[in-house]
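Notes follow the structure.
FYI, the numbering just counts along the sequence from 1.
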Amino acid sequence: MTIDLNVAQYSRGGGGTHPSHPLFLCLHGWGSNEMELADLMRQIAPYNDFASLRGPIRLARGDAYSPGAFAWFGERIPFGEDLDRDAYEMALSIDRWVTNNLPNEREVVPLGFAQGGLLAVHLLRVNPKRYRAVISLSGYIAPGIVPGTAPADGLIERYNIPVFYTYGKNDDVVPKYELFAAQAWLNEHTWLTTKSYHALDHNVSLEELADLREWLLGHDITSGVL
């Protein structure tokens with residue numbers, strides 16, 4: 001079963017203004033919406049295209065200034081077998097959206113925060129050859145205990161996919177053991193760059209964004225121009 005993802009916010013030109021650069025696929029966190037990471041892209045990579053997707057679960061209605069609050073999963077931090085199944089189903093839906101809406105030759109870099117960070121990584125666990133690199137900010141991973149819910153785990157390592165994974169040392173939402181588990185799994189399966197930040201809670205910081213911009217430049221994903 002896959003879920004229809006009906007709302008996406010694109011960068012200027014419908015995501016086709018800078019076709020020679022990778023396109024960022026933005027996946028927001030719990031209680032946010034597609035506009036938040038779209039705004040963040042102006043600080044990270046203003047000369048790259050992006051498509052920012054809206055999670056299918058509505059948590060709160062919006063107003064004239066915001067479309068409201070949304071999520072990818074019903075619980076803020078789901079666990080165990082339910083997370084395996086939900087992550088697989090949602091990653092398949094996002095991967096299908098990419099197939100249906102982006103040119104096959106376009107390089108795609110998933111960028112997610114928290115729930116979105118989990119899904120950015122899980123896209124590799126269902127279709128690793130499609131994605132140029134992955135960015136997970138304050139994300140975590142599905143445990144992979146339900147057979148078939150991470151079908152490409154045995155293939156990821158051969159692609160040597162660059163991953164940028166960071167989190168705050170004072171994160172009060174994602175348990176530390178989940179952050180450490182994600183870090184260990186990514187170190188085993190990907191070309192990982194990781195860092196944690198003092199005094200940062202479940203959020204992003206200017207230092208973190210500066211490190212991300214440097215990483216993007218080093219991997220020839222952005223031009224480095226702001």
Side-chain angles (χ1 to χ4, degrees), residues 5 24-34 36-41 43-45 50-57 70-73 75-79 83-84 86-91 93-95 97-98 108-128 131-144 149-150 153 156 161-197 200-205 208-209 211-212 215-216 221:
L5 302 173
F24 287 83
L25 180 68
C26 300
L27 306 169
H28 64 76
W30 166 276
S32 184
N33 57 59
E34 70 280 6
E36 185 169 333
L37 286 184
D39 289 340
L40 196 63
M41 286 303 303
Q43 302 179 52
I44 297 171
F50 68 80
S52 189
L53 302 186
R54 176 187 294 181
I57 299 173
F70 297 85
W72 301 96
F73 311 123
E75 298 177 77
R76 188 169 191 179
I77 306 291
F79 293 101
L83 175 56
D84 274 348
D86 289 347
Y88 176 63
E89 182 176 292
M90 196 59 65
S93 299
I94 295 169
D95 189 57
W97 186 94
V98 169
V108 178
V109 177
L111 181 159
F113 178 79
Q115 286 190 356
L118 180 149
L119 288 170
V121 170
H122 214 85
L123 287 170
L124 300 184
R125 304 177 76 177
V126 299
N127 189 9
Y131 299 99
R132 165 77 162 75
V134 165
I135 301 156
S136 176
L137 309 177
S138 302
Y140 48 106
I141 61 169
T149 56
D153 274 7
I156 297 173
I161 298 168
V163 172
F164 184 83
Y165 176 66
T166 53
Y167 59 89
K169 290 188 174 181
N170 290 343
D171 194 317
D172 56 354
V173 173
V174 182
K176 280 189 170 56
Y177 64 84
E178 292 287 352
L179 298 169
F180 297 158
Q183 190 174 34
W185 188 94
L186 289 166
N187 190 53
E188 180 180 352
H189 290 84
T190 70
W191 181 7
L192 177 65
T193 298
T194 183
K195 189 174 179 180
S196 57
Y197 299 89
L200 179 63
D201 54 11
H202 193 65
N203 211 327
V204 296
S205 70
E208 186 178 22
L209 296 182
D211 289 339
L212 173 54
W215 179 84
L216 291 169
I221 295 171

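Ile135 is not listed as a side-chain neighbour of Val163, based on a closest heavy-atom distance of 4.5 Å or more. Proximity of Thr166 to Ser196: side-chain heavy atoms (C-beta onward) are nowhere separated by under 4.5 Å. Two residues are said to be in side-chain contact when any heavy atoms from C-beta on lie closer than 4.5 Å; Leu25 and Leu111 fail this criterion. Residues Arg132 and Ile221 meet the side-chain proximity criterion, which asks for heavy atoms closer than 4.5 Å. The closest side-chain heavy-atom distance from Tyr167 to Gln183 is below 4.5 Å. By the 4.5 Å heavy-atom criterion applied to side chains, Leu216 and Leu212 are counted as neighbours. Two residues are said to be in side-chain contact when any heavy atoms from C-beta on lie closer than 4.5 Å; Tyr140 and Leu83 meet this criterion. Counting heavy atoms from C-beta outward, Leu37 and Asp39 have side chains that stay 4.5 Å or more apart.
Taking CG of Asp211 as the start and OG1 of Thr193 as the end, the distance is 10.0 Å to the nearest 0.5 Å. Note that the CG atom of Leu27 and the OG atom of Ser32 stand 11.5 Å from one another [nearest 0.5 Å]. Atom CG in Leu5 sits 5.5 Å away from atom OG in Ser93 (nearest 0.5 Å). With rounding to the nearest 0.5 Å, the separation of SG in Cys26 from CE in Met41 is 5.0 Å. The distance from the CD atom of Glu208 to the CG atom of Asn203 is 8.5 Å, given to the nearest 0.5 Å.
For Phe24, there are no ring pair (Phe, Tyr, Trp, His ring centres under 6.0 Å) partners, not counting sequence neighbours. For Phe113, the ring pair (Phe, Tyr, Trp, His ring centres under 6.0 Å) partners at least two apart in sequence or on another chain are His202. Every residue two or more places apart in sequence or in another chain that forms a ring pair (Phe, Tyr, Trp, His ring centres under 6.0 Å) with Trp215 is listed here: Phe164, His219.
Under the 3.5 Å distance criterion, the side-chain polar atoms of His189 are left unmatched by any main-chain donor or acceptor of Leu124. Judged purely by atom type and a 3.5 angstrom limit, Gln115 uses its side chain to pair as donor or acceptor with the backbone of Phe73. A distance-only check finds a donor-acceptor pair linking the side chain of Asp84 to the backbone of Gly144 [under 3.5 Å]. A distance-only check finds no donor-acceptor pair linking the side chain of His122 to the backbone of Ala142 [under 3.5 Å]. For the pair Thr190 (side chain) and Leu186 (backbone), a donor-acceptor distance under 3.5 Å is present.
Lys176 and Asp171 are not joined by a salt bridge, as no carboxylate oxygen comes within less than 4.0 angstrom of a charged side-chain nitrogen.
Contact detail for Leu179 and Gly139: the closest heavy-atom pair is CD2-O, 3.6 Å. The heavy-atom pair separating Ser138 from Val174 by the smallest distance is O-CG2, 3.9 Å. Summarising the geometry of Leu123 relative to Pro110, their closest heavy-atom pair is CD1-CG, 3.7 Å, with the distance given to 0.1 Å. Closest approach of Ser205 to Leu200, counting heavy atoms only: CB-CD1, 3.9 Å.
A cation-pi arrangement is present between Arg125 and Trp185 under the rule of less than 6.0 angstrom and at most 45 degrees off the ring axis.
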Start with the C-alpha distance between Val109 and Val134, add both sets of side-chain angles, then the distance that settles side chain to side chain contact (heavy atoms under 4.5 Å, CB included), and finish with yes or no.
-> CA-CA 5 Å; Val109 177; Val134 165; 6.0 Å; no
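Between Trp72 and the choices Ile94, Ile57, Leu118, Asp86, the side-chain contact (heavy atoms from CB on, under 4.5 Å) rule is met once, by Ile94.
Side-chain contact annotation: Asn187 with Tyr165, donor-acceptor N/O pair under 3.5 Å absent. If you check the side chains of Asp95 and Asn127, you find a donor sitting under 3.5 Å from an acceptor.
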